[in-house]
S.K.: 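One structure follows; several queries about it will come next.
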Amino acid sequence: MKRYATGLFLLLFAAMSILPQHVAAQEKKATAPDNSKYILTPPAPSTPRINSARVFGVRPKAEFRYTIAATGIRPMTFSAEGLPKGLKLDEKTGIITGVLKKKGTYNVTLRAKNSLGEAERDLRIVVGEDILLTPPMGWNSWNCWGKSVSQEKVLSSARAMVDKGLANYGYTYINIDDGWQGIRGGKYNAIQPNKKFEDIKGLVDTIHNMGLKAGIYSAPWVCTYLGHIGTQCDNPEGKYEWIEKGVCDENYKLEDPNKKLHSGYFRYHGAYSFAEQDAKQWADWGIDYLKYDWNPNDYYYTKEMADALRATGRDIALSISGSDPFAMARTWSKLTQCWRTTDDIFDTWSSIVRIGFGPQDRWPAFSGPGHWADADMLVVGMVGWGPNLHYTRLTPDEQYTHISLWALFSSPFLIGCDIAQMDDFTLSLLCNYEVNDICQDPLGMRGVPYFRGDGYVVYVKILENGNLAVGLFNTSTEPKKIGFTPRTLGLWSKKITVRDVWRQKDVAEIGPRDRYEEEVAPHGCSLLIVSPPNTEEKIVDKPFTIKK
């Protein structure tokens, strides 16, 4: 009987070992709490409103792809006045495609129309060397799926981005992080996908047809952080030791049952680079964004990949990751479209404080249109770094602080959760067009700390129209009254309007020397627009009359 039981156990174990990974390791389901009472953002109106970026950069002769993102009931039709020759607009989808051959700037008026009305928005198309003229908005797979990422899960988030309406607010990128890589091969002897990604070209085409863009991941090491092959190799054939010796799983991830090897042993630059080959493959697939991840980041490998991507003729944004050294800030601002300013973020208040209050203040001189300092991904909704997810450990007030800070920083808005499981509260955080407009402001100025005190910080960001975005942040554990006078911010109009951005309503009208103040919850914030800007007209002073 004992022998029979042992044999049965071994048979069962063998059967389990050949089951697909998603069956053998059941993913635990988590549920989101009901945070509906904390929702501040009003529902979007049924009338049209255009929410996509007001400035867009493209290089000469590169593929142009821009989607007019708009809220409002469907069906909706789109039009564009002043669209330059070489571009065409799909009136039903709002997707603009084509090629512009010469450098220049074109001013276009976008329109969206439904049965209830029509909306307009100006778009400035800049054909030149700079791309990503506003911070990227989209999704990245790492903070939810980690190593369990698959083509099915990526496609699920892409569909959910459209179905849940995030695409209507300008969220565009669907980025695959570490975990897609197989072995080298194909036309260029470039990295090919593993079994979890049956057809990356087909996946990218599907994403593009949704009006979205696609990103991918690599590293200039022999082995990535997770244990997949990188852009470097120790031999010209592109053969990797742990794969040749079979010290890997079915998806070619380094996995040693004897625990003698791990990816850390291969996190070094190899003798041979395949940057050019890999870039060509990504361009053939239609990739729009590369997250390039190693530490310490350096000039040589950054420039090598920047040049390789540029040589493809395709506009592929380069985002480097690995807590990039501040001493090389000018390098990152010249060679990359995004660079990480910190190590990995987590869904805790201590992580938000560590990243948000202090370290970001050193980057304003270098961050701006085409080159963005990246405070890392957004940790709201269902996260977990895969495969088992949990609802973010940030309180609702801490989540408002998180999103408000990133908007004031002009940091990329890259969602880190499973969009398919996104709850209404998380949607309200990410789908407030006034908050997003602060992040996407074309001027691209980064907010700076204007006042600091015991347990509070006031951040101020100058917007393109001259208005000020002001964030009142309570970093203490007790409610705190925080405020300002417009005059101390440099505004002197007779009537100053204070607008609550999260609630999308004006909350005060004050004089330039009047103090605006409100009580801010512990770890919470208030995000405001203060207007109007100072007049450009000549100031005429009244002479002082001495009374006898």
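Just so it is clear, the values below take in all heavy atoms, side chains as well, and ignore hydrogens, waters and symmetry mates.
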S.K.: Give the ring-plane orientation class for Y169 versus Y433, where under 30° counts as parallel, over 60° as perpendicular and anything between as tilted.
M.R.: parallel
S.K.: Go through the side-chain N and O atoms of S218 and K291 and say whether any donor and acceptor fall under 3.5 Å apart.
M.R.: no
S.K.: By the definition side chain to side chain contact (heavy atoms under 4.5 Å, CB included), identify the one residue from L212, T172, I415 that meets it with L166.
M.R.: I415
S.K.: Under a 3.5 Å threshold, yes or no: a donor from one side chain and an acceptor from the other, between Y173 and D288?
M.R.: no
S.K.: For a quick check under 3.5 Å, do N209 and T206 share a side-chain donor-acceptor pair by atom type?
M.R.: no
S.K.: Rounded to the nearest 0.5 Å, what's the gap from NZ on K164 to CG on D423? Could you check?
M.R.: 8.5 Å
S.K.: Does one side chain, of S404 or T401, offer a donor that lies under 3.5 Å from an acceptor on the other?
M.R.: no
S.K.: E398 and Y400: side-chain donor and acceptor closer than 3.5 Å?
M.R.: no
S.K.: Should D437 and R499 be marked as a salt bridge (Lys or Arg N to Asp or Glu O under 4.0 Å) after you check the CA-CA gap, both sets of side-chain angles, and the distance that decides it?
M.R.: CA-CA 14 Å; D437 279 351; R499 183 172 179 83; over 6 Å; no
S.K.: Will you find, in the side chains of Q421 and D418, an N or O donor that is under 3.5 Å from an N or O acceptor?
M.R.: yes
S.K.: Checking D278 against Y188: is there a side-chain donor and acceptor pair closer than 3.5 Å?
M.R.: no
S.K.: Over 60° means perpendicular and under 30° means parallel, so tell me whether F64 and Y66 are parallel, tilted or perpendicular.
M.R.: tilted
S.K.: Among side-chain atoms of S141 and D177, is any donor-acceptor pair under 3.5 angstrom?
M.R.: no
S.K.: Under 6.0 Å from the six-membered ring centre of W145 and within 45° of its axis: does the NZ or CZ of K153 meet both?
M.R.: yes
S.K.: Taking atom types as modelled and ignoring hydrogens, do the side chains of R159 and S156 form a donor-acceptor contact shorter than 3.5 angstrom?
M.R.: no
S.K.: Just checking, is any N or O donor in the side chain of E91 or T77 under 3.5 Å from an acceptor N or O on the other one?
M.R.: no
S.K.: Show your reasoning for whether salt bridge (Lys or Arg N to Asp or Glu O under 4.0 Å) applies to D122 and R54.
M.R.: CA-CA 6 Å; D122 292 335; R54 288 183 282 147; over 6 Å; no
S.K.: Parallel, tilted or perpendicular: which fits the ring planes of Y171 and F413, with parallel below 30° and perpendicular above 60°?
M.R.: parallel
S.K.: When the ring planes of F409 and W406 are compared, do they come out parallel, tilted or perpendicular, using 30° and 60° as the limits?
M.R.: tilted
